[in-house]
Amino acid sequence: MPELPEVEVVKKFLNSNFNGKRIQKIKILNKKLRYKIETNITKHLINQIITKIFRRGKYLILLFENKNTLLIHLGMTGYFRIIKEENYKKHDHLVFYFESNLLVYNDIRKFGFIKFYKPDEVLNSQHLVKIGPEPFSKEYDFKYFKLNSKKTTNIKNLLMDQNFVAGLGNIYCSEILFDAKINPKRRCKKLNNNQIKQIIKSTKKILDKAISFGGTTIKNFVVSNEKIGYFKNELKVYGKEDTGCVRCSKINKIKRIVQSGRSTFFCENCQK
DNA sequence: AGGGCTACCTGTACGC
DNA sequence: TGCGTACAGGTAGCCC
């Protein structure tokens, strides 16, 4: 489910519903996620007002009035939904009780996590201390790319590296490289200046568009009780193995290859 | 040191 | 219908 655009949509959803709201109670239904949910988070967060929700890469940061934070990662299948009463489903793990509703975290595969951090600790946590720049930031530019792109790896793996640039995952890397007309197998050191500039441009363009469409629905990207994620209809190559390339003609079929154990989709004809 | 592979966990789709 | 296998948006820790 969640790459940067999906997490951004979740962040907006949480901000619009819970910013300024007080947590009355927290119930841990199952503490076994990627990391065990610490039982004592309850005593730090009870009666606290959520003052803001931030996104950094694919991470969510909940900030409370006493400056404590929760760092949340949705893994592959994590999502939030709002319910009116205690009406739980399989794989619900944590519930925040508010005055007028309940916010539930559900995660089938348990690759996500919810961690508590004291003020000023979260940005120096193991998860965020080495994370790369936001793709929309000024820092992610031509100079940065030249200076920090690992010369030895291919461009797909570079974009997937959260310490190079934050938030890109398996879907959007394929889509970005298709837009930039770059072959995902291409060695980084062989990219010329124009291609680097194009990759940066395509990164911002694809993510921006995906956010405006509400992210990509693959399986269970659900916010509240509404299905969103209309960017799925805009995907050009991801999951399109053996279908005709929408750009260079219907004769050339999209190929699926495996890079570092993950599927990559591209057109051999128009991505060089 | 840095990149590649595998584990983690559950569900689904597909071939036989 | 059932069984075995492959695959799925994530990171992290091991190995080389």
Side-chain angles (χ1 to χ4, degrees), chain A residues 1-11 29-37 55-60 71-80 89-93 105-115 122 125-132 135 147-177 184-189 206-207 210-211 213-223 227-242 256-265:
Chain A
M1 185 256 289
E3 300 182 40
L4 185 149
E6 291 75 40
V7 180
E8 179 67 18
V9 170
V10 173
K11 182 203 82 178
L29 302 172
N30 171 23
K31 59 182 73 166
K32 214 171 147 277
L33 290 177
R34 168 176 278 274
Y35 306 105
K36 209 174 112 189
I37 300 174
R55 181 191 58 73
R56 181 75 173 92
K58 301 173 196 170
Y59 295 89
L60 291 165
L71 182 66
I72 298 175
H73 196 288
L74 304 174
M76 290 276 240
T77 52
Y79 75 92
F80 284 102
K89 295 191 198 183
K90 200 173 177 184
H91 308 303
D92 283 345
H93 299 289
Y105 178 73
N106 183 291
D107 190 346
I108 297 172
R109 292 174 72 180
K110 305 184 181 79
F111 290 169
F113 66 80
I114 297 175
K115 270 190 184 181
V122 67
S125 67
Q126 55 158 307
H127 303 101
L128 298 183
V129 72
K130 281 168 62 187
I131 198 168
L147 225 54
N148 293 283
S149 59
K150 314 220 174 33
K151 309 295 182 228
T152 54
T153 191
N154 61 58
I155 181 61
K156 161 78 172 342
N157 284 354
L158 179 71
L159 295 179
M160 289 289 282
D161 182 354
Q162 302 300 299
N163 294 330
F164 174 69
V165 59
L168 305 184
N170 212 32
I171 294 179
Y172 294 107
C173 286
S174 281
E175 294 298 316
I176 288 162
L177 290 173
K185 290 185 286 193
R186 178 67 82 87
R187 298 282 116 190
C188 298
K189 66 181 166 201
I206 296 294
L207 294 180
I211 292 167
F213 275 82
T216 301
T217 302
I218 301 280
K219 280 201 172 65
N220 39 32
F221 180 33
V222 183
V223 164
K227 297 242 181 214
I228 60 158
Y230 297 103
F231 192 71
K232 190 184 180 188
N233 306 323
E234 304 296 312
L235 296 175
K236 302 284 199 291
V237 288
Y238 185 86
K240 308 275 187 197
E241 187 179 14
D242 290 337
R256 183 179 86 96
I257 58 170
V258 175
Q259 295 178 291
S260 295
R262 315 289 305 275
S263 292
T264 306
F265 299 87

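Within every chain, numbering begins at 1; the chains are lettered A, B, ... in the order of the sequence lines, protein sequences first and strands thereafter.
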Starting at atom CG of A:Leu33, determine the distance to atom P of B:dT10, rounded to an integer number of angstrom.
-> 11 Å
For A:Arg187, all residues meeting side chain to side chain contact (heavy atoms under 4.5 Å, CB included), sequence neighbours excluded = A:Asn154, A:Lys189, A:Lys190
Name all residues meeting the ring-ring contact (aromatic ring centres under 6.0 Å, His included) criterion together with A:Phe111; count only those two or more places apart in sequence or in a different chain, and write none if there are none.
-> none
I would like to know whether A:Tyr172 and A:Glu6 meet side chain to side chain donor-acceptor pair (under 3.5 Å); could you show each step before the answer?
-> CA-CA 11 Å; A:Tyr172 294 107; A:Glu6 291 75 40; 2.6 Å; yes
How does DNA chain B look in dot-bracket form if you count Watson-Crick and G-U pairs under 3.5 Å, write [ ] for pairs that cross, and put | where a base pairs with another strand?
-> .|||||||.|||||||
Specify the separation, in whole Å, of atom CD1 of A:Ile72 and atom C1' of C:dG10.
-> 15 Å
List for me each residue that meets side chain to side chain contact (heavy atoms under 4.5 Å, CB included) alongside A:Lys36, sequence neighbours excluded, and say none if there are none.
-> A:Lys31
For atom CZ of A:Phe113 and atom C1' of C:dT11, their distance in whole Å = 8 Å
Please give, in whole Å, the distance from B:dA1 P to A:Asn163 CG?
-> 15 Å
Protein N or O to nucleotides 2-5 of chain B N or O, pairs below 3.5 Å:
unit_1	atom_1	unit_2	atom_2	d
B:dG3	OP1	A:Thr152	OG1	3.4
B:dG4	OP2	A:Asn157	ND2	2.9

Hey, does the side chain of A:Ser263 come within less than 4.0 Å of C:dC7's phosphate (OP1/OP2), counting only N and O?
-> no
Looking at A:Arg262, does any N or O in its side chain come under 4.0 Å of the phosphate oxygens OP1/OP2 on C:dG10?
-> yes
What do the steps show when you test A:Leu158 against A:Val165 for side chain to side chain contact (heavy atoms under 4.5 Å, CB included), and what is the final call?
-> CA-CA 8 Å; A:Leu158 179 71; A:Val165 59; over 6 Å; no
Shortest non-hydrogen contact between A:Ala166 and A:Arg56, atoms and distance = CB-NH1, 3.7 Å
For nucleotides 7-9 of chain B, tabulate all protein N/O to nucleotide N/O atom pairs closer than 3.5 Å, reporting atom names and distance.
unit_1	atom_1	unit_2	atom_2	d
B:dC9	OP1	A:Lys32	NZ	3.3
B:dC9	O4'	A:Arg109	O	3.4
B:dC9	O3'	A:Lys110	NZ	3.4
B:dC9	O2	A:Arg109	NE	2.9
B:dC9	N3	A:Arg109	NH2	3.3

List for me each residue that meets side chain to side chain donor-acceptor pair (under 3.5 Å) alongside A:Ser125, sequence neighbours excluded, and say none if there are none.
-> none
Sorted by chain and residue number, the side chain to side chain contact (heavy atoms under 4.5 Å, CB included) partners of A:Thr152 (sequence neighbours excluded) come out as none
Pick out the pairs of N or O atoms, protein on one side and nucleotides 13-16 of chain C on the other, that lie under 3.5 Å.
none

Round to the nearest Å and state the distance from A:Asp107 atom CG to B:dT10 atom P.
-> 10 Å
Work out which heavy atom in A:Leu177 is nearest to a heavy atom in A:Ile155; give both atom names and the distance.
-> CD2-CG1, 3.7 Å
Whether A:Tyr35 and A:Phe113 hold their rings parallel, tilted or perpendicular, with breakpoints at 30° and 60° = perpendicular
Between B:dC9 and C:dG13, how far apart are the P atoms? Round to whole Å, please.
-> 15 Å
Of all residues at least two apart in sequence or in a different chain, which pass the salt bridge (charged side-chain N to carboxylate O under 4.0 Å, His left out) check with A:Lys11?
-> A:Glu8
Whole angstrom value for the distance that separates P of C:dA12 from CE of A:Met76 = 14 Å
NE2 of A:His127 versus P of C:dT11: gap in Å, rounded?
-> 10 Å
Phosphate OP1/OP2 of C:dA12: any A:His73 side-chain N/O under 4.0 Å | no
Could you list all the side-chain hydrogen bond (donor to acceptor under 3.5 Å, both in side chains) pairs where at least one residue sits in residues 158-167 of chain A, not counting sequence neighbours?
-> A:Lys150-A:Asp161
Could you check A:Ser263 against A:Arg256 for side chain to side chain donor-acceptor pair (under 3.5 Å), going step by step and ending with a plain yes or no?
-> CA-CA 6 Å; A:Ser263 292; A:Arg256 183 179 86 96; 2.5 Å; yes
Using the test side chain to side chain donor-acceptor pair (under 3.5 Å), find all partners of A:Thr264 that sit at least two apart in sequence or belong to another chain.
-> A:Lys156, A:Gln259
